[in-house]
Amino acid sequence: MGLRLGVERRCQRHGIEITKLYSNDRPLNAAVLRKAFGVIVVGRYRETGLEWLASNCRHLVFADFSPDSDEYDGVVNDFVHATLKLMDAFSAMDYRRIAFIGLSVRQGVVPDNETRCRPYLEWANKRGLFGRTLCLIGRNPEENCSARARNFVHRAKGPTAIFTTS
């Protein structure tokens with residue numbers, strides 16, 4: 001939603017008229033797509049519908065999704081690069097006990113399946129700064145990130161900085 005709202009605000013600032021279409025598993029209106037100068041698809045899109053979509057759009061780009069084909073343009077976050085850049089910034093500010101709070105999408109706590117956790121772990125381990133107690137992975141979105149951060153802060157050897165994915 002943040003990405004969509006950012007695109008909408010930018011279009012408004014530049015006087016670009018927008019029409020929002022939501023697929024929600026219903027077919028999109030091809031006539032509306034063909035009239036548009038360009039279409040920005042925000043979020044995942046089924047691979048089976050890519051050819052149809054491209055055939056009904058003059059200019060098409062995907063945001064937060066990159067189809068497997070080089071025929072389509074897609075813009076995605078580089079979470080690995082962003083994580084490493086953030087960790088270097090923390091280090092430059094002399095933070096050494098850098099905690100990580102993330103979300104595991106699988107059953108059980110498997111920290112490295114979270115996109116930003118793997119580079120965090122590698123960065124911290126390489127510098128000898130990792131401690132198991134500095135990495136908290138929740139198992140469901142209902143777990144409140146700020147509550148977990150407060151638990152960190154109240155520990156005797158709490159972190160000097162907290163990196164959270166939410």
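All of these numbers come straight from a predicted model, not from anything done at the bench.
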Just list the side-chain donor-acceptor pairs under 3.5 Å for residues 11-20, sequence neighbours left out, or say none.
none

Heavy-atom side-chain contact between F100 and I162 under 4.5 Å:
no
List in chain and number order the residues that pass side-chain contact (heavy atoms from CB on, under 4.5 Å) with T160, two or more places apart in sequence or in another chain; answer none if no residue qualifies.
Y95, R97
Which pairs, with at least one residue in residues 68-94 and sequence neighbours excluded, count as a side-chain hydrogen bond (donor to acceptor under 3.5 Å, both in side chains)?
D88-W123, S91-R96, D94-R96
Applying the 4.5 Å side-chain criterion to the ILVMFWY set and letting contacts propagate, would V76 and V42 be lumped into a single cluster?
no
M87, L129: one ILVMFWY side-chain cluster at the under-4.5 Å cut-off?
yes
Could you tell me whether R4 and E8 have a side-chain N and a carboxylate O separated by less than 4.0 Å?
yes
Run the side chain to side chain contact (heavy atoms under 4.5 Å, CB included) check on Y120 and L134 step by step: do they pass?
CA-CA 11 Å; Y120 160 82; L134 292 173; 3.8 Å; yes
Is the shortest heavy-atom distance from the side chain of V32 to the side chain of L21 under 4.5 Å?
yes
Which pair of heavy atoms, one from P159 and one from A99, lies closest together, and at what distance?
CB-CB, 3.6 Å
Quick one: closest heavy-atom pair of L121 and C135, and the distance?
CD2-SG, 4.5 Å
Would you indicate whether the side-chain heavy atoms of F163 and I101 approach each other to under 4.5 Å?
no
Residues which pass salt bridge (charged side-chain N to carboxylate O under 4.0 Å, His left out) with R10, listed by chain and number, not counting sequence neighbours:
none
According to a hydrophobic-cluster definition based on side-chain heavy atoms being under 4.5 Å apart (Ile, Leu, Val, Met, Phe, Trp, Tyr only), do L33 and V41 belong together?
yes
Does a side-chain heavy-atom distance below 4.5 Å link L50 with Y45?
yes
Acceptor/donor pairs from residues 56-63 side chains to any protein atom, 3.5 angstrom cut, sequence neighbours excluded:
from: N56; atom 1: OD1; to: R34; atom 2: NH1; distance (Å): 2.4
from: N56; atom 1: ND2; to: W52; atom 2: O; distance (Å): 2.8
from: R58; atom 1: NE; to: A36; atom 2: O; distance (Å): 3.4
from: R58; atom 1: NH2; to: K35; atom 2: O; distance (Å): 3.3
from: R58; atom 1: NH2; to: A36; atom 2: O; distance (Å): 3.2

More than 12 heavy atoms of other groups within 6.0 Å of L86 CG:
yes
Given side chains that start at C-beta, do those of L84 and V80 come closer than 4.5 Å, heavy atoms only?
yes
